[in-house]
Peer 1: 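This is the structure I have questions about; it appears just below.
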Amino acid sequence: MTGNENAVADALVWLNDPLNWTGPDGIPARVAEHLTMSVLAVLLAALIALPLGVWLGHRGRGGSFVVVMANTSRALPTFALLLIFASTSIGFGNRPVVLAAAIFAIPPILTNAFTGLREVDRDIREAARGMGMSGRRSLALVEIPLALPLIGAGLRTAAVQVIATVPLAGLVGGGGLGPIIISGLATRRFGEVLAGGFLVIVLCLAVEALLAGGQRLLTPRPMRTPRRAGRRATRAAGATGS
């Protein structure tokens, strides 16, 4: 049996060990902590990026600023941010992970909110104004609803990216699924490393499917984009956020 086959077999043994599914360090508890950190990071990023992207998109200004800010955020290494935050008064644990992941989540949310608002048909904007709508009313009732598919794609991309990044928490004493991978690397138990990576992948796919389904259910039927167009929007969000 090769080393890779051994790792796969060890990962299956680890995943099927009942002791790894119970207690405060069991997989369910670690998944819950992983999701909590991810939700906090995405919410923090959305609080900053969504209003900014919507406002700039509505005004039709600041395109260069959005590009510069998104590129700058992407250029910052998440691992370096994590170490910087951990070395300050923020300290080790989950807090630096949430902050670093939030910064990492800003570009897809910001660029998609901006792009979604800018792609609203000019004739529709003028029709709303012609009906006597104020700028704010047109934004709330016409522009934002029409931009929701791209805004939603940005949030989904950010959520999946954050879930895939949070395992770095294991390097600064944080929780979630990261400690499984880090502990396995430190002790050369590569089956445990593989099992931890598998759990992160499954969590990413599950959250992406859940958010995509939720977005489709919450979108009024006449405004739903065809599935093929939705996949193109998601790929576009991934391209802007990667």
Side-chain angles (χ1 to χ4, degrees), residues 38-76 101-163 165 204 207-242:
S38 301
V39 168
L40 289 175
V42 174
L43 284 178
L44 186 57
L47 282 174
I48 298 170
L50 265 184
L52 184 60
V54 168
W55 182 70
L56 291 175
H58 173 66
R59 297 292 301 273
R61 298 175 182 173
S64 300
F65 169 77
V66 170
V67 172
V68 170
M69 188 169 177
N71 288 339
T72 303
S73 301
R74 280 198 293 264
L76 294 173
I103 292 174
F104 186 58
I106 286 177
I109 298 174
L110 177 64
T111 53
N112 274 51
F114 178 81
T115 305
L117 266 292
R118 292 313 305 154
E119 287 192 352
V120 174
D121 195 299
R122 186 184 181 90
D123 292 340
I124 295 177
R125 293 171 188 264
E126 292 180 353
R129 295 296 179 89
M131 293 172 64
M133 288 188 179
S134 64
R136 289 184 180 180
R137 192 171 171 81
S138 170
L139 175 65
L141 299 181
V142 177
E143 296 172 45
I144 289 179
L146 290 174
L148 277 180
L150 265 180
I151 293 175
L155 287 169
R156 281 161 45 199
T157 301
V160 173
Q161 287 181 346
V162 165
I163 290 172
T165 304
C204 287
V207 168
E208 163 65 17
L210 186 65
L211 292 179
Q215 180 184 345
R216 189 165 183 81
L217 284 176
L218 292 174
T219 303
R221 188 177 294 276
M223 292 177 59
R224 290 179 185 173
T225 54
R227 293 184 184 277
R228 186 174 299 175
R231 287 194 291 271
R232 283 201 298 269
T234 302
R235 286 197 293 271
T240 57
S242 61

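Please read all numbers here as calculations on a predicted model, not as lab measurements.
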Peer 1: For residues Cys204 and Val160, report the shortest heavy-atom separation together with the two atoms involved.
Peer 2: SG-O, 3.9 Å
Peer 1: How close do Pro51 and Ala46 get, heavy atom to heavy atom, and via which atoms?
Peer 2: CD-O, 3.3 Å
Peer 1: Measuring from atom CG of Leu211 to atom CG of Leu155, what distance do you get when rounded to the nearest 0.5 angstrom?
Peer 2: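 Between atom CG of Leu211 and atom CG of Leu155 there are 8.5 Å.
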Peer 1: Locate the shortest heavy-atom distance separating Val162 from Ala101; write the atom from each residue and the value.
Peer 2: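 Heavy-atom minimum between the residues: CG2-O, 3.7 Å.
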Peer 1: Between atom CD1 of Ile151 and atom CD1 of Ile144, what is the distance when rounded to the nearest 0.5 Å?
Peer 2: 6.0 Å
Peer 1: What distance separates Leu56 CG from Thr115 OG1, expressed to the nearest 0.5 Å?
Peer 2: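 Spacing of CG (Leu56) from OG1 (Thr115) equals 11.0 Å.
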Peer 1: Which atoms form the tightest heavy-atom contact between Leu44 and Ala102, and what is the distance?
Peer 2: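 It is CD2-CB, 3.8 Å.
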Peer 1: If you round to the nearest 0.5 Å, how far is CG of Leu117 from CG of Asn112?
Peer 2: 11.0 Å
Peer 1: Taking all atoms of both residues into account, what is the closest heavy-atom pair of Gly135 and His58, and its distance?
Peer 2: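 Where Gly135 meets His58 most closely, the heavy atoms are O-CE1, 3.5 Å.
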Peer 1: In Å, rounded to the nearest 0.5 Å, how long is the span from CG of Asp121 to CG of Leu146?
Peer 2: 9.0 Å
Peer 1: Is any side-chain heavy atom of Leu139 closer than 4.5 Å to a side-chain heavy atom of Val54?
Peer 2: yes
Peer 1: In Å and rounded to the nearest 0.5 Å, what is the CG to CD distance from Leu148 to Gln215?
Peer 2: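 Interatomic distance, Leu148 CG to Gln215 CD, rounded to 0.5 Å: 7.5 Å.
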Peer 1: Tell me the closest heavy-atom pair linking Val42 and Ala159, and the distance in Å.
Peer 2: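 The answer is CG2-CA, 3.7 Å.
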